[in-house]
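So the structure is just underneath, and the comments pick up after that.
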Amino acid sequence: MSQLLFRTLREAPQDAEVESHKLLARASYIYRLSSGVYNYLPLGQRVLNKINSIIRSKLDSVGAQEMFMSVLQPVDIWDESGRSADFGALLPAFQLEGRSGHYVLGPTHEEVATRIVSTYAKSYKDLPVTIYQIQTKFRDEARPRFGLLRTKELIMCDAYSFDVSKEKMVDSYEKLRIAYDQIFKELDLEVTPVEAKSGAIGGDVNHEYMVPSPIGEDTFVSCFSCGYSANTEIAKKRNLSQEEIDSINKSITERFNTLIPEEVLTPGDGSIEEVAGTLNLKDSKESFLKTYVLKDKEDKTKTVFIVVNGDRQIKVPNELEAFEKEDFLNSGLIKGFVSPYNLDPNFNVKVICDYEILKVPESGYVVGANKENYHVTNVVPFKDFKIDEFADVASVQSGDSCPKCNSSLTLIRSVEAAHTFQIGLKYSNAMKNAEFLDSDGGTKPYYMGCYGIGVSRLLAVIAEKHHDSDGLIWPSAVSPFDVVIVPLLASKDDRVKMTANRVYEDLSQICDVLFDDRELSPGVSLADADLIGITLRVVISPKTLISECAEVKDRRTGSIELVKLEVLAQHLSSLLVE
RNA sequence: CGGGGAGUAGCGUAGUUUGGUUAGCGCGCCUGCUUUGGGAGCAGGAGGUCGCGGGUUCGAAUCCCGCUUCCCCGACCA
């Protein structure tokens, strides 16, 4: 330990905000070189190695083959797959000085993997094949966050499966799912696979592996009764049938027939925040209706309003895109004050409303007046404006109804630890030669799957889940060492010194041992051991030697017991397999 | 990219409003002695272009201008 490159800090560096970051920095696991760029010190590297070996053994066990792809990638292959545009600024291409080619630092490796497999697996007899690697990825994140949680450089394990058909692709996906479950189980992390957005990777079916945590950047909905779970970005709510809508229509029209809409002065930019402030309704944003103005991507003259409650986000349907400044000018709509109320009847627009707006508040809704600096209160759907269509266009909130079983949904904040995709043909169709000869002699494209685990992020997630006020508490599977030996008063007591040395030699035969040979005062040694968080701590001191014992502390439970030296090794082994 | 905050020794900080000795303190580090089961005591010591550049001034950590880095909120985020 006197030779280990580390130094514990009593105080966390000022730039560390979340607990995992503070502890990993205080205990010398990681070193920040610049924003979003971390270096792994010897202790951190040991944990990474443990995580990696778990991942390797589980992926190998389902037949995946490890390889190592290049960080440097020619931008051509990104043009070939058509993803240069999808990634945009996250993928900054550059030129090497004095050379002509353009390169990127790989943020992910679908293109490279496809290129390689399409070179070597040309026959259906070569399939299925799944390759993976553990490697550093580069992404120019606009805002790195929370220590290791969101970084510009990250270590990732990415796997790619290639199959002859959609069915086989699903089989491969299943296999990897099983491997993933085992990996997270061994890492002592409770993950929930949730339906998610496939984003720039592509494909249809995909799952994020979520670890619930208050520092998470994602939120997913979960139904405790049927198990439905999905990222809020794509989570569905229960849709109402036409009969239900009709009956609600009837009842609200009756219920609110005396309510008269009233124009109110709301100067400003028309944002919900501001208008709610003016009308003193800050705590009831749900009594506003927000109208988003969109146009059809194909036919840009088609205008669509999407209306949702003021406290919800909109889910933009794929075929639509937002109005821009000049669209507002051309249409005569006033940004910030648009609504379906009091529209020019000749104005051609399709009004799509979210189902949730049918839960009309007592005094109706506040909506834009289609007039600068004015809103309208007491507005009731159906009665006061026409609706062309209902759809699930608003974000989900806690308490909404489950789309599968109708019970109540719960929102859970979480960290995305892994993401798997059934990509299908996206890359094999786009890229040259990404095909094989089938048994019938025909040429077919590969059905692909893609699977990523954020390894460096896991370091933070595990630390976040496993710590107490004294420091880190590593699950034994990833602890940088299995055991730390802390001799107390060794400088004064030769017997302690000799015994500790002997115990160190003995234990080294059966597990990874860290030996605190620093001869510091007892408080420091003990506090450091707790902070670093090695699963088991063995203290040898004059006191314990009186009874020929060592003191064993299990950092996970906090339990402390005296164990006879002659059975120490055996005792520790049994604790480690737990 | 928009908004907010911050850069003083390895880490944490005082001093900046109101310019004025040699920039102070705690932790850590080095030497020596004493101590020793939960971050020891005494004595001595090393370590700073006060983020960078310019300006104002007899004099700048402190005032002014520009730049830069880092953190937080948001936008974005395979």
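When reading the values below, keep in mind they use all heavy atoms of this one structure, side chains included, and skip hydrogens, waters and symmetry mates. Throughout, a chain's letter reflects where its sequence line sits, starting with A, and its residues are numbered from 1.
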Could you work out the separation of B/G74 and B/A14 based on their C1' atoms and round it to a whole Å?
33 Å
Sugar-phosphate only, base, or nothing, as touched by A/F146 at under 4.0 Å among non-hydrogen atoms:
sugar-phosphate
As its Watson-Crick or G-U partner within any shown strand, both distances under 3.5 Å, B/U21 has none
Whole-Å distance between B/C77 P and A/N231 CG?
12 Å
At 4.0 Å (heavy atoms only), tell me whether A/T108 reaches a base, stays on the sugar-phosphate, or touches nothing.
nothing
Using a heavy-atom cut-off of under 4.0 Å over every strand shown, decide if A/P107 touches base, sugar-phosphate, or nothing.
nothing
Strand partner of B/G38, provided both Watson-Crick or wobble distances fall under 3.5 Å
none
Using 30° and 60° as the class boundaries, would you call the ring planes of A/H207 and A/Y173 parallel, tilted or perpendicular?
tilted
Taking only N and O in the side chain of A/R537, is any of them less than 4.0 Å away from OP1 or OP2 of B/G38?
no
So A/A200, base contact, sugar-phosphate only, or nothing? Heavy-atom distance under 4.0 Å.
sugar-phosphate
For B/C76, take OP1 and OP2 only and decide whether either is under 4.0 Å from a side-chain N or O of A/R150.
no
Tell me which nucleotide, if any, is Watson-Crick or G-U wobble paired with B/U31 when both distances must be under 3.5 Å.
B/A43
OP1, OP2 of B/C71 versus side-chain N and O of A/S35: anything below 4.0 Å?
yes
